[in-house]
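See below for the structure under consideration.
Worth knowing before you read on, the calculation uses all heavy atoms, side chains too, and leaves out hydrogens, waters and symmetry mates. The sequence lines fix the lettering, A, B, ..., with proteins before strands; numbering per chain opens at 1.
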There are 2 protein chains.
Amino acid sequence: MNSAHAAVDIEGAERSGQIVLVCEHASNAFPAPWGELGLTPDQRDAHIAWDPGALGLARGLAAKLEAPLVAACQSRLIYDLNRPPHHTGAMPVQSEIHEIPGNAGLTPDDRSARTEALYLPFHAALGGLVAERLARGQATALVTVHSFTPIWFGQPRAVEFGVIHDADPSFAQAVLEEARRVTELDTRLNEPYSGADGVCHTLALQATPMGLPNVMLELRNDLIADPAAQEAMAATLAPVLQAALSRITANNGEAA
Amino acid sequence: MNSAHAAVDIEGAERSGQIVLVCEHASNAFPAPWGELGLTPDQRDAHIAWDPGALGLARGLAAKLEAPLVAACQSRLIYDLNRPPHHTGAMPVQSEIHEIPGNAGLTPDDRSARTEALYLPFHAALGGLVAERLARGQATALVTVHSFTPIWFGQPRAVEFGVIHDADPSFAQAVLEEARRVTELDTRLNEPYSGADGVCHTLALQATPMGLPNVMLELRNDLIADPAAQEAMAATLAPVLQAALSRITANNGEAA
């Protein structure tokens with residue numbers, strides 16, 4: 001366990017917007033004591049290590065939506081915060097075509113130490129922020145912000161904006177409809193993968209048990225490759241999220 | 001927030017059985033700073049304040065199943081740990097026919113303080129115990145232990161043993177079948193209430209996101225009214241749980 005490394009970065013905890021943003025794959029930092037896991041610089045920059053562009057997009061959305069943002073501080077290859085501790089993807093020995101040398105042969109103690117140092121504090125901080133809002137009667141919806149690679153195992157992906165949900169599809173469906181109505185993005189529900197693939201752990205852990213509207217946003221990372229593109233995408237998607245949330249809360253009375 | 005009051009009691013954290021037991025309504029203690037909430041001694045002893053007999057039953061099961069037991073240390077009327085912070089039942093102003101004077105007119109600060117002092121540490125402790133087991137590869141199933149009153153709003157209840165589930169019904173169905181096969185108890189699925197009534201928050205928060213087998217046990221409290229009856233019921237139900245778990249893990253390969 002490494003008490004020196006911060007497992008979570010919360011920006012704007014006091015912001016009063018209805019949405020709480022989460023970016024589990026924000027960082028490609030490889031801090032001590034885990035270090036670089038035997039990866040090359042190219043590998044540590046690639047999509048296997050993080051979701052390129054996701055943090056910039058999330059920060060742009062946070063500013064426009066007056067939303068708190070909860071972000072990871074280390075590579076998903078050290079611990080993927082969107083997976084439970086017993087999932088093979090939590091500390092993967094392989095990602096796409098790349099072996100992860102520093103994750104080979106992890107002992108139960110190694111897995112326990114990463115879980116305690118990274119997974120538990122991240123989700124405790126997010127859960128505490130959500131619970132505090134709910135205790136005070138603040139309507140809350142959870143939105144996780146991700147990016148995906150345009151080429152996967154050599155195959156190009158046509159989808160540009162994936163909208164993924166956990167058990168309750170209502171917010172995701174409203175986001176899909178709004179995005180198709182007001183943007184040019186090739187927007188699809190549960191692509192390039194779906195909650196059935198186990199990619200919605202944060203939503204399942206933090207939103208579904210609270211009955212909160214929730215959605216996972218997946219942007220193709222070539223569309224958010226630099227700060228200007230991230231800011232433009234945030235300007236496109238912030239009103240989509242706001243309109244979608246207004247629609248479902250008009251139907252339900254309130255968001256939480 | 002009251003740092004002096006322990007929000008959770010964990011017995012046998014190191015026990016290596018497959019089941020983790022939880023007793024959210026174990027206690028009718030009314031500790032400072034909340035105190036007795038204006039209730040009479042009879043009200044503080046009654047089923048509205050706790051689940052009479054549940055802790056004794058859970059301890060008996062824990063011993064027979066070599067199971068860790070995570071139990072509450074204060075009345076559910078101060079904070080019902082089986083409800084999220086924005087649920088009206090978390091800090092209820094009324095329970096059955098009884099008004100709860102100390103819960104009338106709670107401010108957002110009051111609700112936040114109870115959430116921080118009681119709900120968050122209880123679920124952090126349980127979640128940490130479960131995550132530690134999963135990180136180490138220990139197969140894990142979650143069982144919550146409750147009791148219900150024989151008379152509710154003046155109506156007698158015939159059901160003796162209620163078996164309630166969250167999203168995945170497989171463990172509960174196996175418990176139902178085993179209980180009907182080897183006991184004389186009037187055993188029913190999702191009675192006297194069901195997960196659809198919002199009574200499965202602990203399962204939804206701690207088991208479902210991890211994909212763990214889970215079930216909520218509800219015993220009619222006249223059947224576990226004293227230590228001898230609790231011990232006898234534990235002796236009856238421990239093999240039911242064990243056989244049910246063996247059956248579903250034989251089907252699935254493993255429990256977690």
Got a sec, which pairs hit salt bridge (Lys or Arg N to Asp or Glu O under 4.0 Å) with one end in residues 26-37 of chain B, sequence neighbours left out?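 Residue pairs passing salt bridge (Lys or Arg N to Asp or Glu O under 4.0 Å), neighbours aside: B/E36-B/R44.
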
Got more than 12 heavy atoms from elsewhere within 6.0 Å of CD, A/E99?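 Counting neighbours around CD of A/E99, 12 or fewer heavy atoms of other residues, nucleotides or ligands fall under 6.0 Å, so no.
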
[X], part contacting chain B, at a heavy-atom distance under 4.5 Å:
X: A/L120; result: side chain
X: A/A131; result: both
X: A/T208; result: neither

When only heavy atoms count and the cut-off is under 4.5 Å, which of residues 101-110 of chain B reach chain A?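 Listed by number, the contacting residues are B/P108, B/D109.
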
At a heavy-atom distance under 4.5 Å, which candidate from A/H201, A/R111, A/R136 has the highest pair count against chain B?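 With the most close heavy-atom pairs to chain B, the winner is A/R136.
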
Donor-acceptor side-chain pairing of A/N214 and A/H165 below 3.5 angstrom: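 The criterion, which ignores hydrogens and geometry beyond distance, is not satisfied for A/H165 and A/N214.
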
For B/Q138 and A/H86, does a side-chain donor sit closer than 3.5 Å to a side-chain acceptor? no

Any sub-3.5 Å donor-acceptor pair from A/R188's side-chain atoms to A/V163's backbone N or O?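 Between the backbone of A/V163 and the side chain of A/R188 there is no qualifying donor-acceptor contact (under 3.5 Å).
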
Using modelled atom types only, decide if a donor and an acceptor are shared between the side chain of B/D197 and the backbone of B/V199 within a distance under 3.5 Å.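 Side chain of B/D197 to backbone of B/V199: no pair is present.
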
I'd like to verify something: which residue of B/C200, B/A90, B/S112, B/A204 has the highest number of heavy-atom pairs under 4.5 Å with chain A?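 Greatest number of close heavy-atom pairs with chain A: B/S112.
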
Between B/H123, B/H87, B/E132, B/Q206, the one whose heavy-atom pairs under 4.5 Å with chain A are most numerous: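 Ranked by heavy-atom pairs under 4.5 Å with chain A, first place is B/E132.
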
Below 4.5 Å, heavy atoms only, C-beta onward: do B/T202 and B/L126 meet side chain to side chain?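 B/T202 reaches B/L126 side chain to side chain.
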
With a 4.5 Å heavy-atom cut-off, do A/H47 and A/F148 have their side chains touching? no

Going by the side chain to side chain contact (heavy atoms under 4.5 Å, CB included) test, name the single residue among A/L69, A/T144, A/L142 that passes it with A/L21. A/L69

